[in-house]
Amino acid sequence: MPTDETVVSKDFIRDLIDEDMRSGRFGARVHTRFPPEPNGYLHIGHAMSINLNYGIARDYGGKFNLRFDDTNPTKEEQEYVDSIMADVRWLGVDWEDRLFFASDYFDQLCEWAIQLIKTGNAYVCDLNADEMRQYRGTLTEPGRDSPYRNRTIEENLDLFERMRQGEFPDGTRTLRAKIDMASPNLNMRDPVMYRILHATHHRTGDKWHIYPMYDYAHGQSDSIEGITHSICTLEFEDHRPLYDWCLDTLGIYHPQQIEFARKALTYTVLSKRKLIELVKNNYVNGWDDPRMPTISGLRRRGYTPEAVREFCARLGVSKANSIADFQQLEACVREDLNKHTARVMVVLKPVKVVIENYPEGEVEWIDADNNPEDPAAGTRKLPFSRELYIEADDYREDAPKGWFRMSPGREVRLKHGYFIKCHTAVKNAQGEVVELRCTYDPASAGGSTPDNRKVQGTLHWVSATHAVDAEVRLYEQLFNKPNPDDVPPGGDYKANLNPNSLTVLAGAKAEPGLATLNGGERFQFMRQGYFCADPDSRPGKPVFNRTVTLKDTWGKAENKPQGKKSG
RNA sequence: UGGGGCGUGGCCAAGUGGUAAGGCGACGGACUCUGGAUCCGUUAUUCGGUGGUUCGAAUCCAUCCGCCCCAGCCA
């Protein structure tokens, strides 16, 4: 008995489905689908659609199909089919035995086209693309009937058959629906159903010389699969009358198309054209570059499917165009990774610490908990010795107000270790600190003292002789404006590319347990952020990608105008 | 100046005639062997504007304004 259940408000699509369930429309059945075109990699925007469609099927005890909308062989490739399947699966979706391709239906679609010709609802048109544009009219003026609009059924049948046989060159003829050239909805002005394309299809090979257009293929594919609710984005709202026309004119099972608004994300681009450009022209290192908003990029970056799903859920669904805040996505990964990820210590920009009163050659193996959020995560042993590395940024000769970390004479705690105090900074000829000479309090073993002395700062560290060298890749936003398309007139979004989106730290020092990783392992580097082992890792030389930083209230405070300090 | 949509705090978003949920962010504070996490406060007298209907409107009506999409033989 739910008593104080939070009322989770449904979205408008689920409201519509609720009505259909109540009325018994579709036999109180729910069946959705995700219909990607295999002409690019999936990105976070697709995740929203997948999450919506799959989530609905799951919530209503219905079914979900994965269907490739592969009606244009000139743009589609098997590589994309493979990557899409991998990404959809990674998101936690199980399409069971329902993997389909629009190309599976080419025969049926063709038969239906013949049916439409026979019923006088379709005709072969000899206008070329240019001429067709002329005849189409404009937004404010009606179009004119094609001179081929009134061919006899026999002639249409003959011509269409010869199109199918490959008798005519590309672009010379089309099969068009005979609807209304004066319709205010341009999609209804005798839209093309089939075009001639002498192209090899990634699945049907050279069987076809004509290929159906999206508008002719999509609804019928939905119909064949028994889809109940065909969910798509807003720009297809204008196509719904055509979707309905095809199904009704054919007299076949008629699913309901429902449109929702896609969301943009700040500091990134999601258009297929731009994503392809970034990859092909090497602005990034491939589709799975951790800076890319692609599913494969997010995966390599260290995002979890759970975080991506949570993000989609938090944003919700609506019909209003919007731009989601990237911080919202980051909040979702932080929340997930905080609970599930082991804490480790890695020094990104090391500076050596020598503890002068610590016995030379001695090594203590300290017990350290792996995750304070999860006792079940257990503990590990960390070596502590006379020479250590700490973060160079954790030392300031002139400590600003509010500084908790190391500076001359100030005592700090080494996490899980001892209290230490720095008395001398050794500098090189350039005046850079190269070594910090410190002393420790032997009574502070484990991080606390008998006198219960408080220290404000706790630093992460690594034993110099035990540390493993690591490469750490720090990422910032790929673009330095919330809206990358915010450019002066005539400008290009690429002008907003962030030159600092990738910083490689080749000299990081990691605790010894991280020596050998395969790629994909996720960690919290204490006090820094969440990181994910990259597949580039080699035994003894791990490589990490920074998924997201930890929240940094000190850094934020220090960077405030009024709080700014030297250093 | 054709058609189709949309406008609720900085960003998402509930709300469907009864007196503005929630999340993110931001700002304070508590706590802390991660300046992390956690916790506790604060953050829309107002729903694109203006009129109207009503005891009562973000919700109904009118009108105006703004934004998005459509003239591929792309999806």
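Protein chains get the first letters and strands the later ones, always in sequence-line order, with residue 1 at the start of each.
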Under a 3.5 Å limit on both distances, the Watson-Crick or wobble mate of B:U19 is none
Under a 4.5 Å cut-off applied to non-hydrogen side-chain atoms, are A:W208 and A:C110 in contact? yes
For B:U8 and B:G48, measure between their P atoms and round to the nearest Å. 6 Å
Considering just the side-chain nitrogens and oxygens of A:K454, establish if one lies under 4.0 Å of OP1 or OP2 belonging to B:U32. no
Contact under 4.0 Å: A:K319 side-chain N or O vs B:G7 OP1/OP2: no
Can you tell me if A:T140 touches the phosphate of B:U1, counting only side-chain N or O atoms and a distance under 4.0 Å to OP1 or OP2? no
Which nucleotides of nucleotides 67-75 of chain B have their base under 4.0 Å from a protein heavy atom (B), which only their sugar-phosphate (S), and which neither (-), written as one string 5' to 3'? -SBBBSBSB
What's the closest nucleotide to the side chain of A:R314 if the choices are B:C24, B:C12, B:A26? B:C24
Reading nucleotides 34-40 of chain B from 5' to 3' and marking B where a protein heavy atom lies under 4.0 Å of the base, S where only the sugar-phosphate is that close, and - otherwise, the string is BBBS---
Pair A:H460, A:E391: side-chain N/O donor-acceptor within cut-off below 3.5 Å: yes
Which part of the nucleic acid does A:K263 contact within heavy-atom distance under 4.0 Å: base, sugar-phosphate only, or nothing? sugar-phosphate
Just by distance, no angles: are the side chains of A:R343 and A:N338 close enough, under 3.5 Å, to form a donor-acceptor pair? yes
Ionic contact status for A:D222 with A:R67, cut-off 4.0 Å: yes
Select base, sugar-phosphate, or nothing to describe what A:H460 touches, counting heavy atoms under 4.0 Å on all strands. nothing
Distance check, C1' atoms only: B:A58 and B:U16, in whole angstrom units. 10 Å
Is any side-chain N of the basic residue among A:D441 and A:K421 closer than 4.0 Å to the acidic one's carboxylate O? no
Pick base, sugar-phosphate or nothing for A:V455, based on heavy-atom distances below 4.0 Å to the nucleic acid. nothing
A:Y41 and A:E79: side-chain donor and acceptor closer than 3.5 Å? yes
